[in-house]
Amino acid sequence: MEALFQSTVTALLGFIGATVLLLYWYSTSTFDYWKKTGVKSLKPLPLFGNIQHFILHKRSPAEVFQELYNKFEGERYGGIHQARTPVLLIRDPELIKHILVKDFCYFPGKGNHPDLKGDPLSYHLFNLEGEQWKYIRTKLTPAFTPGKLKIVYQHIDHYSEKLIEHLQKYAKNNEILDMYDILVNFTMDATSSCAFGVEANAMDDKDSEFKKMGRSIIHANGSTFIDILESISPNLLKIFRIRTFSRDVTSFFKMVIKKIMEYRDQSHVIKKDVMNLLMLARNKTTEEDSNKEEPQACKQMSNETSSNIRDEGFDDVVLTAQAAMFLRAGSEKASTIMSFCLNELALQPELQSELRAEIEAAKEEHGGKLTYEIVLGLKLLDRVVSESLRKYPLEANIFRVCGKPYKIPGSSVQLQEGTKVLIPVYAIHHDPKYYPDPEKFDPNRFTDISKSSRQQFTYLPFGEGPRICIGFRYGMLQVKVGLAALLLHYEFRACPMTKARPEFNTCSWITSPANGMWLKIHLRK
Ligand code: HEM
């Protein structure tokens, strides 16, 4: 009996030992990659690579990659490991220009793995590559023309009035509020109305189903956990059937979008919104195909690709994924920027007064009404928002994957197909070489003179090149209209929970406040 017990224990220990050895070998088998490629690199740790603080959720992706960026001081680029995946971290703005714009055809994708069958909502523009990406990007681009944004302005303006009403009871009592939470509801209401003609009722109804599901989308997407598994092996997600979006959320959005489409098809309602564009694209019809001018170096590749694109339209599942992406980006991004802005303005009351005076003067000058053109023409507001995006870029890091062998200009290094490349936007925005005293919130960094004297490709809040953020004008409009309305009616002051440097969420790729944005609200004097 004892012998049997001993042999079982020995076998078990042998199995555990072999598994540990195998895991160790697997997690470190790529660690000589940068040495072989001739790139200076940092020593990685088994299992973690160079991002242990990120994997253990001790620091946000913004901070982790900033630390790594600083370790390559004086270099144009450096090799790191994200778990076992080799990643080239780029420091040189000129090389960034090549990767994002001039040599885009070598870096067309981001290395995400959308799964139409297993996780349908992950199949959205941000994650797509190749022909599908180009097709959907072309179809969605007309949603963001200035003409469309003028229509959208009315919706945002309407919901900003509702926001002002909603806050009144709190302002009368000078309450301390989590403005981040409140603003997510505001942007969700505005986005669902602008994009789908749906009343989400997120501000007024705390039990709104749309709000619950919309929030699940925000929290699911951008999760670092899934990315970590992917960087160990992309197959792990499929093997363990790990989804970014739960079945409940997926079914809910499929149902909502189906109902909207049925209603519009049957009643022949035509609204000039995102939903309409998606329905036209689904039906292989184009409203107005326009796209950003593409860089010369990539024209050839583009032409090759487009001659292969057949205008096949897409099915309802693909359409639903784009709609959910729009809701998520529209709700999450603008509210986060507005929260960071309000925090800075609460910490600098004089700047807040100056900005309010600018908005008030413009309103008075135009008969007491703000319009699309007036809001977009407010110079100080633009500088405050730009500085906020400098100090807190929401996409702290931009990824690309090398699609075919690429020789790094000005070096003899050849990157292999499949190599991951990282542009550490947050770190660049905080490099004193480009932004002296980087922790200081200073909107004067964005006067025309300052902007033109700064090195190109050192300000990347929306990315650059053919994959530049498709919704940035819409996002900026929401931010500016919302902030203008808030500042005209209320004053925001620091409270004991206000932090000069808010802590960042360590579980999301998006730079966002970890514990809300707590501010004291006052009625205007
Ligand atoms: C105003 C706040 C916003 C910020 C700071 C922001 C930031 C970014 C950045 C940095 C990228 C480029 C990522 C890369 O190159 O890998 C991006 C891409 C993208 N953004 Fe935004 N975004 C904002 C608002 C929006 C909105 C409102 C939408 C709604 C549609 C949106 C949809 C997208 C999509 C679909 C992409 C992928 C584009 C492509 O790959 O072709 N974004 N965004």
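Atoms considered below: every heavy atom in the structure, side chains included; atoms not considered: hydrogens, waters and symmetry mates. Positions are given from 1, in the same order as the sequence printed here. As the structure lists them, so they are numbered: ligands from 1, and atoms in each ligand from 1.
- Taking every heavy atom of both residues into account, Arg467 and Trp133 meet most closely at NH2-CD1, 3.2 Å.
- Not counting sequence neighbours, Lys451 has no partner by the salt bridge (Lys or Arg N to Asp or Glu O under 4.0 Å) test.
- By the side chain to side chain donor-acceptor pair (under 3.5 Å) test, Asp178 pairs with no residue at all, sequence neighbours left out.
- One finds no salt bridge joining Glu94 and Arg76 here, because no Lys/Arg side-chain nitrogen approaches an Asp/Glu carboxylate oxygen to under 4.0 Å.
- Annotation for ligand 1: atoms under 4.0 Å from non-hydrogen atoms of Trp133 are 39 (C), 40 (O), 41 (O).
- Using a cutoff of 4.0 Å between basic side-chain nitrogens and carboxylate oxygens, Lys110 and Glu129 are not scored as salt-bridged.
- By the ring pair (Phe, Tyr, Trp, His ring centres under 6.0 Å) test, Tyr426 pairs with His430, Phe504, sequence neighbours left out.
- Listed by atom number, the atoms of ligand 1 under 4.0 Å from Met325 heavy atoms are 35 (C).
- If you look at Phe472 and Phe144, their ring centroids are not closer than 6.0 Å.
- With a 4.0 Å cut-off on non-hydrogen atoms, Gln478 does not touch ligand 1 at all.
- Closest of all the heavy-atom pairs between Ile136 and Val318 is CD1-CG1, 3.7 Å.
- Figure legend: Lys420 and Phe399 shown as a cation-pi pair, the cationic atom lying under 6.0 angstrom from the six-membered ring centre and within 45 degrees of its axis.
- If you look at Tyr459 and Tyr434, their ring centroids are not closer than 6.0 Å.
- Around atom 21 (Fe) of ligand 1, the protein contributes the following N, O or S atoms at distances under 2.8 Å: Cys469 SG.
- Using 4.0 Å as the threshold, Ala334 has no heavy atom nearer than that to any atom of ligand 1.
- For atom 38 (C) of ligand 1, the closest heavy atom belonging to the protein is Arg137 NH1, 3.3 Å.
- Residue Ile337 touches ligand 1 through its side chain alone, judged by heavy-atom distances below 4.0 Å.
- Applying the ring pair (Phe, Tyr, Trp, His ring centres under 6.0 Å) test between Phe340 and each of Phe441, Tyr392, Tyr180 identifies Tyr392 as the sole match.
- Considering Glu464, Arg400, Lys134 only, the shortest heavy-atom separation from atom 15 (O) of ligand 1 involves Arg400.
- Distances below 4.0 Å separate heavy atoms of Ile398 from the following atoms of ligand 1: 14 (C), 15 (O), 16 (O).
- Atom 40 (O) of ligand 1 has its closest protein heavy atom at Arg467 NE, 2.7 Å.
- Between Lys134 and Glu131 there is no salt bridge, since no side-chain N of the basic residue sits under 4.0 Å from a carboxylate O of the acidic one.
- Residue contacts with ligand 1 do not include His124, since none of its heavy atoms lies under 4.0 Å from the ligand.
- For ligand 1, the atoms sitting less than 4.0 Å from at least one non-hydrogen atom of Tyr474 are 27 (C), numbered in the order shown with element in parentheses.
- Ranking protein heavy atoms by distance to atom 30 (C) of ligand 1, first place goes to Phe326 CD1, 3.2 Å.
- Regarding atom 10 (C) of ligand 1, its nearest protein heavy-atom neighbour is Pro461 O, 3.2 Å.
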